[in-house]
Amino acid sequence: MSDVIATNQTILVVGGGISGLTAAIEAAECGKQVILVEKSPTVGGRVGQLYKYFPKLCFPTCGLEIQYRRLKANKNIRLLTMAEVTSVTGESGNYNVDIKLSPRYVNENCTACGACAEAVEAEFDDEHNYGMKKRKGAYLVSHMAYPQRYVIDPRIIGTPDADKAREACKVGAVDTEMQEQNLKLQVGAVVWATGWTPYDAAKIQPYGYDRFDNVITNVEFERMLDPFGPTGGRVVRPSDGQAPKNVAFIQCAGSRDHNHLKHCSRICCMASLKQTTYLREQFGDEAKSTVYYIDIRAIDRIDDFHQKVKQDPNVTFVKSKVANIVENKANGNLVLNGVDTEGYNRYANEHDLVVLAVGMESNVPAGVLPEGTVINEHNFIELDEANGAIFGAGCSSDALDVNRAAQNATASALRAIQVVNRVAGLEG
Amino acid sequence: MAKREYSFYPGCSSQSKASSANYLKSTKTICEELDIQLNEIPDWNCCAASIGYAGGGELPRMTLSARNIALSQKHNAGQDIVATCAACWLATRETKERLEHDASILDGANQALGEIGIKVESDIPKTRHMVEVLIEDIGYEAIGSKVKRPLDGLKIAGYVGCQTNRPFGIDGESFENPRYLDKMVETLGATPVEKYDKKVSCCGGALMFSEPEKSQALVKDIIEAAYDGGADMIVTPCPVCQMNVEVYQGHINKTYGTKFNIPVVYYSTLMSVAFGRSAKEAALEGQMIRAKKLEDLAK
Amino acid sequence: MSNLNQTMLEKYRSNFLKEVEANVEEGEWVKMCMQCGVCSGSCPMGPHWAHPPQEIFMMIRAGKREEVLSSDSMWMCTSCYNCIARCPRGLPITHIMHGLATYAKRLGLVPQEQPTAKFAQRFWDNLSKTGRVNELKLGLSLYFMNGFGEGIKTALKMKDVGMGMVKTGRMNPMEILGGHSCKDKAGIQKMLKKAFEIEEGKIAENKMG
Amino acid sequence: MKIGAYVCKGCGIEERLDTVQLASVAKRDGKAAIAKEHEFLCNADGVAMIQNDIDNEGVNRVVIVGCSRRAKTEAFSFEGVAITRANIREGVIWVRPDTDEAQETTQEMADDYVRMGCAEAKHMKIPDASGEQSLNRHILVVGGGVAGMTAAIEAAKAGYKVDLVEKSGQLGGVLGQLYKRVPAKNGLQGPVDTNVEQLVHTVEALSDITVHLNTTVAKTEGAPGRFAVELATESGSTSEVTVGAIIQATGFTPYDINKLPELGGGKSPDVVDQLAFEALAKGAAGGAIKRPSDGKEVKNVVFIQCAGQRSDQKGHLPYCSGHCCTTSIKQAMYVKEAGGDATVLFDDLRTPGAVGEDFYRAGQERGVTFSKGKVSEVQANGSLKVNFTDLILGEETAAEADMVVLATGMVPNSGPDPYAQLELEQAKADGNTDRVATLEASLADAPASILNLDYRQGTDVPHLKHGFTDSHFICFPYETRRTGIYTAGPVRRPMDIGQATEDAVGAALKAIQACENAALGQAAHPRSGDLSFPKFRKEGCTQCKRCTVECPFGAINEDEQRYPQFNESRCRRCGTCMGACPVRVISFDNYSVDTVGQQLKAVDIPDEFSEKPRLLILACENDAYPALDMAGMTHQEISAFARIIPVRCLGSVNTIWVTDALNSGYDGVVLMGCQKGDNYQCHFVKGSEMAHYRMSKIDDTLSQLNLEKERVQTFEVSITDIQRIPKIINDMETLIGEIGMSPFKF
């Protein structure tokens, strides 16, 4: 990694999700030098785990393909995967950054032929599928993974599996001796786009995510629709593999709640509306959806999608925060207790699957960014003079949908460019 | 293990010949076993519980608990206040927080206390439930090591109820599925009822007196769920829960044609038996519905 | 009492919310409710409330003073704290319900024969006399709170319970002759008297204010 | 020209195929000067081998016989040569069973791909830019509101010159009319200063920004890097600026409350919209707000959300304007601060994100009353009475108010819809008088043009929906159908001040990028960096205008002799013009009628009785081709008779390819493009749609050849159709089995 060249005129983009990719590519296509670091083995981030986007119901991988092509074609971008920023110090135009590079145990010779995966036996929870599925100890994160290069799970290093992987590789790409490395870079500006993690549903105790099989999260629901996902593209009840026909969507699961995340996560309303259409897609008229909400936040022109779903006779809206869920032990169904606040009707509704619309927990880390960086109580990076040339982008700046994240990332790229252009001016 | 001392607030119901006298008795027994010394707060008074609000407004209620706190500071300086009754614990702990965060309450309470020449000093002692002492200061392991008579073969529903669970609860436990009674039951060699989904449902509390039918309906579900889980008995950390769930089973049977007859015991009773103490020391005679299986063990 | 009601009525005519904020325990929280309804759904007595908490908060904002204060809803609170534990806005709902009940009582608006109101008062009288609750007297006073005839009926109905309690040494017939008490009875009463004065004083201020 | 073909033996290719034969096919049929095999072509040694041939053997056409063009791009990127791929890994061995029976056809498949690769290479040129425009680091911003000023400032801060054009006599726009604004930062705070003066001051202070007040754009011609813009002042004087890119930030107009009489709009001076209420608040400057009718201090204000919006009623706005909830909360705070009472009647309270939800809580803390209520009527006789259904308490009720504020929506200030203008022209040509009438009527209502583009396809930026000039793409908010022209703020999409500011910064970046790209002759996204652009053979051109009309980006104009002007820097390189051209005079250096046509002709066509049909698959490189790669990765079986050619966009498919294929004996042709229609997924907007249209016309050709029309089929596919796409192809093979082989085999 000694070949990574960075100067005060280089822009560091942290996070290879849709926001980081956008910021990096847009800056690079303005002719700027960019280093893009991603903690995981592939770029693509959270959107790579989605089935469709609202409101167009188009496929995220389609946009990723374009972004990857722009990325491959652009010589101004240096991509580092399995790279984690551990410290940023300094001031605008002059930051020192420490980066920890975890070993992939697979070098650039890899042709993604898959021989190593076939050879290895050990299996682990597949992060890409939120652990709903197993993957091999040697694996390609997804078919869309970029770089298109396999990874060896560190847990098989030192086991016979590691040797099997090495022997299976005809091109000498498996290097079990690879070590962790630390990299020090000097850069002029930092675009921070480390995205979000779905809020831990187990913490929302009344909904029993940790106790009831048929209570799942919205992100897990997305994975079910992937033909190569944990359920082969079919929506099923975890408890018995049956097709759910009466699904409840619970909004603000962990959002707008002082016991959990105080902020509104913005995307969850639209996500649930979108997911009701998945049920339509799979079960036609047989599928009923009920959305339990406080306020439906289908902001601005995409409200017409909300109106469209409202027209669907199979979708019911109940203005109510569900109080608690009890399992019907006989059939694994779930009884939702609460009160419909419109006119006050008490209900105890039985559903065969419950989808928790969990919100976004910002991934902005503690103690990595320079002292004095303004990070608000919701753990988002504010746009503030005091932050020098550290710019939060996408869901590091607020709870944003993909479109606004990409928009915001484009803006962050310009702010970074202003800094490095100023530096260039000074350095001549 | 060195002797542990606490400033003890027994509460009205655990006085001799009061509704939870048996609770106090068995608590004393386990304290002997576990080398705990309870120093009763001299001349403690009622906490007004959660039903005192109609007669006493905010300040009078707070003042009552403030008196106990002040007396504890004066006579049991430096000791945590420990209560066995959920209501006593909750009222005192709530008062502690209001006194600490609401200057006008603190001032008002101290004016009132001034009438009897005492006042609440700064740094109010921690106010804890006996269960917290057992879990945090003693620990399941130490408790397990005291077991001489494992409660083999007993299946027990851990009914936590409300006020030892909300709003404060026991550290590290969740509101909806606290596990500490189950862990306790396991520690004592018995089997807890898993997925006991009435575990934290309300028994009606004080409304058992004013709204008996409504409250008994709640109790019915609590008992039913315990039977569904195959429980031999129910264990609880709260006097109100114990009384409400135990003593009205006859009435409930009349109203609903059920055949309930399930013992409802305190964790302290279970522990006393498991620790090899006599039926008397475990206060088993205090069971309106005899806990036969425990009596047999205690023989 | 009811003249206090008049004064308050006049003073806050335009705005019941302000009245609640000024005079009800934790009343300043009412405005923070966002009408999600989780409290109503979580309440064990929910089915028996005329108006569950979230609706009461809305009614307060809508200025439905009579309906709220004279309703028996808040008297249905068992103090299970479910609502507090779950409220996404952190409203101390249990305490607000208690506060509303207390305030309604002060203004003399409690519905006739509201059993919990009566019991709660008896509980207070009982404890404030000696500083400790005398369960027997409390029990009996309770049975007879709806008149003598009723009382006998209830007493008979409760006989088995009473006997059982006595048999198991958890009730003492002799308590009728006094029973448990704090040593410093007098002090406790002085203390409570003072506390009341202070609280009444506050309300009085609001009355002028 | 010298072709080097390099056959990789790695990834199991050697085990499955006769690579010696592949190399000889490259030499014999592909006319490759050099054909080499390598154990593992993408490793350092393999790459060095190729580089050496380029440096020392004069190879300038490189054919990589191995993996897909999407794999190993870092390894196979050689400067100054044309590169093609014969995809025999994902495209052949991974989609064919490893059996003895399959061996023969699998080898034939690979042989063909080698022939096709060489044929393509032979007809490719190495593209170079036209040099039509030089670096012009100068940007035009239209609109002097918060978005426009921000865009100007941010572009200037990045070192670019800006001309800021404002129609009115002063900068500030709507922001300038506000008393205070909703905070952009988190925390339970109230309204904050707009700081509009600072913003204006900054604009005036920056020497790189030239402000033009009372000015409009009279004419815009040219292309990114060389826009010639004529500015006209009220006084009539004009001046011209030459800019590299344009940002349109013309904002919005509040929906007219006079259209809402049921809500008291226009019935009482005390019923106002949000902007009018700002004016009153500004007047009161922190004191009690006085109501218009009688100057009485307002003690009690009711705010009605979603007034005339989120409604399917005729004349109302169907959408939500996003900002109105927080705006009403802010205004309710004004009232509270002055000691009054404020009630917000809402349907859904929309205060998204961290800042939004904080502001909602702040409003509650300050005692603003929120009721979920549906207003039926505002009675305006003397005092105001708002009749509404309280949805929580479930009752009909009413609220007295000193004033009522209607939260009406945003109407975008965009120019007329260029496609309506085009359609009008077409209708006139067709003599469709009714259509002409309706279109003329609608255009008469349309606002005056903003940019007055001198474009073949209309005077302004195309609308997306409801008159907003937004991007159609979720991943690409700044996708524009007029290259080098970007819209920002509420003209693009309904939004609040915070978002408008962010939006302007992003638009500034895109404008800067457009200048830089133009200077290098590079394409903008999605074909970023592409240097090829359409060239045409003038002598062959029949001036049919199809290219100028069908270009999805309005890039092509017509010169005075009515020949096409391609305007390289407006062009997005999709090839739709090439597909459109009936006389096939349009081509790109590295992508032309020949580069594809010669590939399909290079395929070996067995005779009619061989039972070896040939299927030509033209697959869009954006979605269909990646899906095919993933079909390979997941080992979906694909017919051994398919020959797949990636195309830039289905819009670039010239029907000659299909007729050539049929004439040369192909048995079936399958076209695969992206979703078309309103929810189009085509990255070039209309490409897929055009292709479907053109193919619908091909039936005549088929019947002339008297072939069944099922032999040619067009599909809409998506990148996730990893299993469906192979099925489509295999179904075609089955179909041919049923209807029989083509007789056109020679």
Side-chain angles (χ1 to χ4, degrees), chain A residues 18 26 29-31 53 56 58-59 61-63 65-67 70 72-74 109 111-113 143 148 170-171 227-228 256 262-264 266 295-301 303-304 341-344 376-378 380 382-383 398-400 402-403 406-408 410-411 413-415 417-418 421 425, chain D residues 10-12 40 42-43 71 73 154 157-159 185-186 310 318-322 348-357 391-392 394 465-466 468 474-475 477-478 493-495 502-503 505-506 508-509 512-513 516 525-526 528-529 622-623 626 630 633-634 679 681 683 718-720 722-723:
Chain A
I18 194 72
E26 296 298 349
E29 288 185 4
C30 292
Y53 280 147
K56 269 179 68 191
C58 55
F59 300 97
T61 39
C62 161
E65 173 68 13
I66 296 287
Q67 296 297 47
R70 294 169 77 185
K72 293 174 192 173
N74 199 307
N109 281 354
T111 63
C113 70
H143 307 317
Q148 196 187 62
K170 296 208 181 60
V171 297
F228 299 91
R256 300 181 68 186
K262 266 196 205 156
H263 65 264
C264 160
R266 189 190 301 259
D295 298 284
I296 292 290
R297 292 183 167 175
I299 311 301
D300 72 50
R301 63 172 178 79
D303 189 57
D304 50 21
T341 58
E342 284 194 28
Y344 179 49
N376 68 31
E377 66 169 312
H378 312 285
F380 295 115
E382 297 271 17
L383 182 63
D398 196 354
L400 299 176
V402 172
N403 187 269
Q407 187 279 316
N408 169 271
T410 311
L414 179 62
R415 296 190 170 108
I417 287 173
Q418 291 167 347
N421 281 3
Chain D
C11 293
F40 172 23
C42 62
N43 76 359
T73 48
E154 298 297 324
K157 276 202 208 153
K185 280 208 175 66
N186 129 280
R310 296 183 65 198
Y319 49 89
C320 155
S321 293
D348 292 294
L349 205 74
R350 292 180 167 176
T351 56
V355 175
E357 192 65 11
L391 295 165
I392 298 294
K465 215 169 187 187
H466 315 309
F468 290 98
I474 291 168
C475 323
Y478 294 106
R493 178 175 186 164
M495 58 178 77
E502 282 299 298
D503 200 28
V505 183
L509 176 135
I512 286 169
Q513 202 177 59
E516 301 293 329
H525 138 271
S528 310
N622 302 302
D623 281 45
M630 290 186 268
M633 293 166 74
T634 55
N679 264 343
Q681 275 303 100
H683 290 279
S718 71
I719 192 167
T720 53
I722 297 167
Q723 289 145 315

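Lettering of chains follows the sequences in order, A, B, ..., and the numbering in each one begins at 1.
Taking chain D as the reference chain and counting heavy-atom pairs below 4.5 Å, the highest number among A:A413, A:A298, A:G31 is found for A:A298. Chosen from D:C320, D:G356, D:P526, D:P626, the residue pairing most often with chain A at heavy-atom distances under 4.5 Å is D:C320. Note: D:G353 leads D:P494, D:G353, D:G159, D:A71 in heavy-atom pairs under 4.5 Å with chain A. Per-residue heavy-atom pair counts under 4.5 Å with chain D were compared for A:A399, A:C264, A:G343, A:A73, and the maximum is reached by A:C264. Listed options A:I66, A:I417, A:T61, A:I18 were ranked by heavy-atom pairs under 4.5 angstrom with chain D; first place goes to A:I66. The candidate with the highest count of non-hydrogen atom pairs below 4.5 Å against chain D, out of A:K262, A:R301, A:H263, is A:R301. Ranking D:S718, D:G394, D:A158 against chain A, the residue ahead of the rest is D:A158, based on heavy-atom pairs under 4.5 Å. Chain A forms the most heavy-atom pairs under 4.5 Å with one residue out of D:G12, D:G10, D:G506, and that residue is D:G506. Most heavy-atom pairs under 4.5 Å with chain D, from the set A:R415, A:E342, A:Q407: that is A:Q407. Contacts with chain A were tallied for D:R310, D:H466, D:M630, D:M633; D:R310 has the most, counting heavy-atom pairs under 4.5 Å.
For A:Q418 (side chain) and D:E154 (main-chain N/O), a donor-acceptor pair under 3.5 Å exists by modelled atom type. Formation of a donor-acceptor pair under 3.5 Å by the A:N403 side chain with backbone atoms of D:I474 is found in this model. Not one N or O on the side chain of D:N43 forms a donor-acceptor pair closer than 3.5 Å with the backbone of A:N109. Between the side chain of A:D300 and the backbone N or O of D:G322, no donor-acceptor pair lies under 3.5 Å. For A:E382 (side chain) and D:N186 (main-chain N/O), a donor-acceptor pair under 3.5 Å exists by modelled atom type.
Looking at A:R70, the atoms closer than 4.5 Å to chain D (heavy atoms on both sides) all sit in the side chain, from C-beta outward. Using a 4.5 Å cut-off between heavy atoms, D:K465 contacts chain A through its side chain alone, with no backbone atom that close. Within the 4.5 angstrom heavy-atom criterion, atoms from both the backbone and the side chain of D:Q513 approach chain A. For A:I296, the parts lying under 4.5 angstrom from a heavy atom of chain D are both the backbone and the side chain. The parts of D:T351 that come within reach of chain A are both its backbone and its side chain, each placing non-hydrogen atoms under 4.5 angstrom from that chain. If you measure heavy-atom distances from A:D398 to chain D, the contacts under 4.5 Å come from the side chain alone. A:E377 touches chain D through backbone and side chain together, each having a heavy atom under 4.5 Å away. Residue A:K170 touches chain D through its side chain alone, counting heavy-atom pairs closer than 4.5 Å. Only the side chain of A:Q148 comes within contact range of chain D, judged by heavy atoms closer than 4.5 Å. Contacts between A:D304 and chain D at a heavy-atom distance below 4.5 Å involve the side chain alone, from C-beta outward. Neither the backbone nor the side chain of A:L400 comes within less than 4.5 Å of any heavy atom in chain D. Only the side chain of D:R493 comes within contact range of chain A, with at least one heavy atom under 4.5 Å from a heavy atom of that chain.
Listed here is the closest heavy atom pair of A:D303 and D:P318: OD2-O, 4.4 Å. Closest approach of D:C11 and A:C113 over heavy atoms only: SG-CB, 3.9 Å.
The shortest side-chain heavy-atom distance between A:C30 and D:L509 falls under the 4.5 Å cut-off. Between D:C475 and A:Q67 the shortest side-chain heavy-atom distance does not fall below 4.5 Å. Side-chain contact check for A:T410 versus D:Y478: some heavy-atom pair is nearer than 4.5 Å.
Note: A:F228 CZ to D:I722 CD1 = 4.5 Å, rounded to the nearest 0.5 Å. Separating the CD atom in A:E65 from the CD1 atom in D:I719 is a distance of 4.5 Å, to the nearest 0.5 Å. To the nearest 0.5 Å, atoms NE2 (A:H143) and OG1 (D:T720) are separated by 11.5 Å. Here the NZ-OG distance, from A:K72 to D:S528, works out to 13.5 Å after rounding to the nearest 0.5 Å. The structure places CD of A:E29 at 8.5 Å from NE2 of D:H525, a figure rounded to the nearest 0.5 Å. Between the CG atom in A:N408 and the CG atom in D:D503 there is a gap of 10.5 Å [rounded to 0.5 Å].
Residues satisfying the side-chain contact (heavy atoms from CB on, under 4.5 Å) test with D:C42, not counting sequence neighbours, are A:T111, D:F40, D:K72, D:A75, D:F76.
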Residues D:E502, A:L383; criterion side chain to side chain contact (heavy atoms under 4.5 Å, CB included); working and verdict: CA-CA 10 Å; D:E502 282 299 298; A:L383 182 63; 3.9 Å; yes
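With respect to the salt-bridge test (charged N to carboxylate O, under 4.0 angstrom), the residues D:E357 and A:R256 qualify.
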